[in-house]
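Some notes on the structure that comes next.
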Amino acid sequence: MGYAVVLGEALVDLLDTERDGARVYRQAIGGGPLNVAVGVARLGGAAQFVGSLGDDVLAGRIRDFLATVDVGLAGAVTVPAPTALAVVTFAGPEPDFRFYGEPPSYGLLDPGDLDLALIEGADVLYCGSVMLLQPTALAAARRAWSLATGLRVLDPNVRPRLLAGPAELAGLRAVVAEFAAGAHLVKLSTADAELLYPGEPVEGVAAYLRELGAATVVVTLGAAGAVLAAAHADPVRVPAPKVQAVDATGAGDSVIAALIADLLLDGEPADPAGWVDRVAFALRVAGLVCESPGGATAMPTRAEVHRRFER
């Protein structure tokens with residue numbers, strides 16, 4: 001088994017909660033790609049986090065946390081900026097993110113900062129999330145994408161509040177098309193699909209991304225499961241298990257983490273049926289994540305997933 005390079009942001013979430021009758025913010029280490037790296041490691045894969053981290057105490061906590069969960073930091077760099085913050089409020093289990101920090105520490109990864117041997121040696125390269133909106137970090141992602149010799153995985157993980165208007169949305173749509181054209185796997189959420197391709201059914205979005213060049217596309221549908229478009233088969237729906245969701249933070253990240261971990265352990269499935277099994281397992285991982293508060297800290301092990309869904 002080789003390793004995955006997860007390229008993207010790490011930050012600190014401030015989770016809105018109540019304690020002793022007062023509203024307080026609970027710190028949690030987060031960022032979509034960081035969650036993915038942690039999820040891969042928890043599920044038995046080897047992961048290296050590659051991104052820019054601030055030069056403050058919060059960044060030190062991020063480094064310490066990643067070290068404790070066996071996520072490598074050989075490709076992480078320190079930049080002269082405070083750690084970016086995401087204030088997270090909830091309407092039910094669904095989180096709403098507002099980002100603070102200018103310039104954002106996660107957007108300062110320069111193409112020259114990349115450890116080329118680390119990128120070229122990876123069996124899987126993941127790119128995505130809000131770094132696709134930052135010019136410097138996007139340039140680094142493009143360079144890594146061009147150097148990758150293993151499987152390339154894309155997750156746009158769109159944050160609408162970071163899009164200034166229609167022109168920026170159109171730019172992101174073009175970036176997604178650019179990366180999808182060379183991707184082995186693309187994962188989107190329903191919200192991503194609706195924002196990027198308004199009015200299009202999710203099956204149509206999945207088929208379109210495959211037409212661009214993506215080998216396999218997964219669109220998550222929350223409690224309804226996921227749409228899978230693989231090989232030359234028509235898109236199919238994969239159901240999700242029924243769970244008691246309390247916090248959906250990190251659920252989508254856990255889906256792509258599970259798929260990456262399985263790619264590391266067993267390679268690409270030989271046929272669409274194999275992908276159905278992989279997606280079904282990934283949805284069980286996400287279901288378990290939704291039953292616990294937090295994102296990165298809620299990522300389960302394989303044993304925990306099997307115990308939960310063998311009942």
| By ring pair (Phe, Tyr, Trp, His ring centres under 6.0 Å) - contacts of F179 (at least two apart) | W145
| query | Can you tell me if T83 uses its side chain to pair, donor with acceptor, with the backbone of A59 under 3.5 Å? | reply | yes
| request: Evaluate the side-chain contact (heavy atoms from CB on, under 4.5 Å) criterion for residues K187 and L154: first the C-alpha distance (whole Å), next the side-chain angles of each, then the deciding distance (0.1 Å), finally the verdict. | output: CA-CA 6 Å; K187 176 262 170 188; L154 173 69; over 6 Å; no
| request: Give, for atom CZ of R98 and atom CG of L162, the distance between the pair rounded to the nearest 0.5 Å. | output: 11.0 Å
| query | If you take all heavy atoms of A122 and V5, which pair is closest and at what distance? | reply | CB-CG2, 3.8 Å
| message | So, taking the atom named CG in L195 and the one named CG in L172, what distance separates them when rounded to the nearest 0.5 Å? | response | 7.5 Å
| message | Does V153 form a side-chain contact (heavy atoms from CB on, under 4.5 Å) with I256? I'd like the steps, not just the answer. | response | CA-CA 9 Å; V153 176; I256 198 65; 3.6 Å; yes
| task | Kindly indicate, with the supporting measurements, whether the criterion side-chain contact (heavy atoms from CB on, under 4.5 Å) is fulfilled by V202 and E194. | result | CA-CA 8 Å; V202 290; E194 290 175 348; 5.9 Å; no
| request: Without swapping roles, check the side chain of H184 against the backbone of R152 for a donor-acceptor pair under 3.5 Å. | output: yes
| Roughly how far, to the nearest 0.5 Å, is the CG atom of L209 from the CG atom of L188? | 6.0 Å
| query | What pairs with R237 under salt bridge (Lys or Arg N to Asp or Glu O under 4.0 Å), at least two apart in sequence or on another chain? | reply | E203
| task | Go through the steps for D262 and R302 under the test salt bridge (Lys or Arg N to Asp or Glu O under 4.0 Å), then give the verdict. | result | CA-CA 11 Å; D262 280 348; R302 285 183 185 272; 2.5 Å; yes
| said: Measuring only between side-chain heavy atoms, which start at C-beta, is V130 closer than 4.5 Å to Y106? | reply: yes
| task | Specify the closest pair of heavy atoms between A229 and A206, including all atoms of both residues, with the distance to one decimal. | result | CB-CB, 3.9 Å
| field | Straight-line distance of E120 CD to D115 CG, nearest 0.5 Å | value | 9.5 Å
| request: Grab the two heavy atoms, one from V217 and one from R210, that are nearest each other, plus how far apart they are. | output: CG2-CG, 3.7 Å
| said: For a quick test of reading the model, state the closest non-hydrogen atom pair linking L11 to I62 and the distance between them. | reply: O-CD1, 3.9 Å
| query | Roughly how far apart are S105 OG and D55 CG, rounded to 0.5 Å? | reply | 9.0 Å
| query | For A258 and V285, which heavy atoms make the closest approach, and how far apart are they? | reply | CB-CG2, 4.0 Å
| field | CA sep, side-chain torsions, deciding dist, call: Y197, V176, side-chain contact (heavy atoms from CB on, under 4.5 Å) | value | CA-CA 11 Å; Y197 312 104; V176 170; 3.7 Å; yes
| query | Do V227 and T220 have side-chain heavy atoms sitting under 4.5 Å apart? | reply | no
| T89 and D16: side-chain donor and acceptor closer than 3.5 Å? | no
| field | Least distance between heavy atoms, N157 atom then S129 atom | value | ND2-OG, 3.2 Å
| query | Quick one: does L108's side chain get under 4.5 Å of T136's, heavy atoms only? | reply | no
| Would you find more than 12 non-hydrogen atoms of other residues, nucleotides or ligands less than 6.0 Å from R23 atom CZ? | yes
| said: Check this for me: D64, atom CG, are more than 12 non-hydrogen atoms of other residues, nucleotides or ligands nearer than 6.0 Å? | reply: yes
| said: Quick check on the hydrophobic clustering: are V24 and V246 connected, directly or via other members, by side-chain heavy-atom contacts under 4.5 Å? | reply: no
